[in-house]
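Predicted model only: the values in this text are computed from it and were never measured. The analysis underlying the following values was restricted to heavy atoms, covering all of them including side chains, and did not include hydrogens, waters or symmetry mates. One-based numbering, in listed order, for ligands and for the atoms of each.
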Amino acid sequence: MSKLSKTTRDRIGDRTRLVHAGRDPDAQHGFINMPPWRGSTVLFPDYETLTKRGQHFTYGTKGTPSTDALEEAWTEISGAARTVLAPTGLAAIALALMTAAKAGDHILITDSAYQPTRTFCNTILKRMGVETTYYDPHVGAAIGDLMRPNTSLVLVEAPGSQSFEMQDVPAIAEVAHARGACVIMDNTWATPLFFPPHERGVDLAIEAGTKYLSGHSDLMLGLVSANEAWAKELRATYDCFAMCPGPEDIFLALRGLRTMSLRLREAERQGLALANWLAARPEVKEVLHPALPTHRGHDIWKRDFSGSSGLFSVVLNPVPEKAVAALLDGLELFGMGYSWGGFESLVIPFNCASYRTATTWNPGGPALRFQVGLEDMNDLTADLDKGFERLRANA
Ligand SMILES: *Cc1c(COP(=O)(O)O)cnc(C)c1O
């Protein structure tokens with residue numbers, strides 16, 4: 001589908017790739033962007049073509065020019081063999097887990113995983129006869145000690161959801177592969193632009209396209225990319241579920257793709273600026289941002305990642321709950337709400353203690369997660385400055 005020759009495609013950098021991937025204006029009357037293709041039925045020209053499924057598109061759930069364009073682009077950007085789409089990030093996680101787990105298996109999930117991932121394992125997978133063990137995200141190569149003869153997959157997420165632990169993905173992947181287990185990674189934070197998952201040993205990489213691929217908080221989408229070893233299994237599982245996203249969301253995702261590198265670099269710059277500002281505040285005990293040298297996982301981040309996105313957390317020095325509420329309730333520029341990766345700044349309070357099982361979450365004060373948007377940094381810090389005044393007045 002890409003108009004570029006294979007030699008050009010092999011040579012170009014990420015920014016050029018984001019602009020050109022999955023796009024061929026010559027095939028659509030010169031118009032630059034792929035329109036949203038709507039459709040269920042696809043007609044076959046004759047009996048033989050129909051009975052032999054002898055054409056590329058056969059039915060709406062199996063793919064459209066829109067899904068092909070985004071899958072092809074994501075495959076290229078991820079250094080994968082194949083990509084399938086899903087209607088949400090969580091659906092993509094479910095699809096990846098269902099690809100690699102079967103009844104009687106044991107699976108290993110990092111204790112720092114996105115919380116709904118745990119719910120899927122503790123309910124659906126449990127009901128299907130799959131046993132889950134949660135492990136300390138800092139386990140590294142010692143993951144081997146937790147593996148059993150029937151361990152079929154290891155799920156990693158780096159940095160961890162909300163708490164930002166880093167994981168040694170290449171070390172975990174090496175041990176898992178030696179025991180024949182599949183390595184699944186939720187790579188939403190870094191995206192393939194800052195962490196090339198398959199180059200680092202990941203078999204199935206998940207991206208919540210809802211976040212940085214969208215970039216505008218106006219769509220929900222998930223993607224799973226696979227290396228050569230898992231490409232066929234992934235597609236076969238996808239075909240069973242037929243969980244396909246709608247054409248308008250794919251259209252918006254393709255639009256987001258073209259500016260993703262710019263937005264991520266700016267999210268990184270803004271994120272570091274705010275993280276450093278917060279680190280200097282007397283009300284802040286600790287900033288959980290892997291690109292700061294003070295972070296426990298900084299060396300791993302530096303070795304394996306080429307950038308950091310605009311999502312990080314802070315731990316405040318102990319204050320009563322009403323002081324945290326006073327900080328948050330008066331904010332004018334920071335919204336309070338879930339999800340992230342959009343153009344606007346957000347903040348939420350969180351507490352992992354209620355669901356962690358392999359590790360204890362006891363950071364020594366209330367915790368907040370920040371998503372930094374594209375606003376002027378001076379305005380954002382002024383908003384928080386007033387918030388900290390309210391916090392002190394209620395402490
Ligand atoms: C948001 C998120 C998801 C789920 O994406 P949805 O599209 O909201 O379902 C998965 N993993 C991580 C790390 C996320 O932050």
Side-chain angles (χ1 to χ4, degrees), residues 70 74 78 83-98 109-124 134 137 155-167 169 184-195 197 202 204-225 241 243-246 248-250 252-253 256-257 260 263-264 267 271 288-290 297 301 305 308-313 335-342 344-348 350 352 355-356 367-373:
L70 184 55
W74 199 255
S78 304
T83 298
V84 299
L85 308 180
T88 67
L90 183 55
I93 292 167
L95 201 55
L97 289 168
M98 294 297 268
I109 306 284
T110 178
D111 211 28
S112 56
Y114 178 63
Q115 205 249 333
T117 302
R118 302 175 73 106
T119 307
F120 185 78
C121 295
N122 297 344
T123 57
I124 305 289
Y134 294 95
L155 182 137
V156 296
E157 185 171 331
S161 263
Q162 301 188 318
S163 48
F164 291 87
E165 296 93 340
M166 288 305 292
Q167 292 201 264
V169 178
I184 300 180
M185 179 173 188
D186 187 330
N187 194 32
T188 301
W189 182 84
T191 83
L193 296 184
F194 288 160
F195 185 87
V202 173
L204 296 172
I206 293 146
E207 183 77 22
T210 307
K211 313 292 167 54
Y212 283 117
L213 181 54
S214 154
H216 295 75
S217 311
D218 55 2
L219 73 96
M220 304 210 71
L221 195 86
L223 307 97
V224 188
S225 61
F241 282 101
M243 291 195 289
C244 43
E248 308 293 340
D249 290 334
I250 296 169
L252 288 171
L257 187 77
M260 196 166 115
R263 290 184 288 98
L264 264 178
L288 308 175
H289 189 311
W301 173 80
F305 289 65
S308 59
S309 59
L311 188 80
F312 65 93
S313 292
M336 245 195 297
Y338 292 97
S339 207
W340 46 279
E344 79 293 11
S345 291
L346 302 171
V347 59
I348 49 162
F350 71 92
C352 311
Y355 59 85
R356 293 265 169 131
L368 302 174
R369 188 187 73 179
F370 285 92
Q371 127 78 18
V372 190

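Protein heavy atom nearest atom 8 (O) of ligand 1, with residue, atom name and distance: M220 CE, 3.5 Å. At the top of the distance list for atom 2 (C) of ligand 1, counting protein heavy atoms only, stands K211 NZ, 2.4 Å. Nearest protein heavy-atom contact of atom 11 (N) of ligand 1 is D186 OD2, 2.6 Å. Remark: minimum distance from atom 9 (O) of ligand 1 to any protein heavy atom is reached at L90 N, 2.9 Å.
Between the side chain of S225 and the backbone N or O of T83 there is no donor-acceptor pair closer than 3.5 Å. Checking side-chain atoms of S163 against main-chain N and O of E165 turns up no donor-acceptor pair under 3.5 Å. Although no hydrogens or angles enter the test, the distance criterion places a donor-acceptor pair under 3.5 Å between the side chain of R118 and the main chain of D111. Q371 places no side-chain N or O within 3.5 Å of a backbone atom of L311 that could act as its donor or acceptor partner.
Not one N or O of E157 is nearer than 3.5 Å to an N or O of ligand 1, by distance alone. Annotation: T210 places an N or O atom under 3.5 Å from an N or O atom of ligand 1; distance criterion only.
Between Y212 and W340, a ring centre-to-centre spacing shorter than 6.0 Å is recorded.
Under 4.0 angstrom from ligand 1, the non-hydrogen atoms of S161 all belong to its side chain. If you look at T88 next to ligand 1, the close heavy atoms, those under 4.0 Å, come from the backbone and the side chain alike. Contacts between I93 and ligand 1, counted as non-hydrogen atom pairs separated by less than 4.0 Å, involve the side chain only.
Ring orientation note: the planes of F195 and F305 are tilted relative to one another, at an angle of 30° to 60°.
For the residue pair P192 and E207, the shortest heavy atom distance occurs at CD-OE1, 3.9 Å.
Interface atoms of ligand 1 facing W340, defined by a heavy-atom separation under 4.0 Å, are 15 (O). Interface atoms of ligand 1 facing G89, defined by a heavy-atom separation under 4.0 Å, are 4 (C), 5 (O), 6 (P), 7 (O), 9 (O).
We find the CD1-CG distance between I206 and L97 to be 6.0 Å, quoted to the nearest 0.5 Å.
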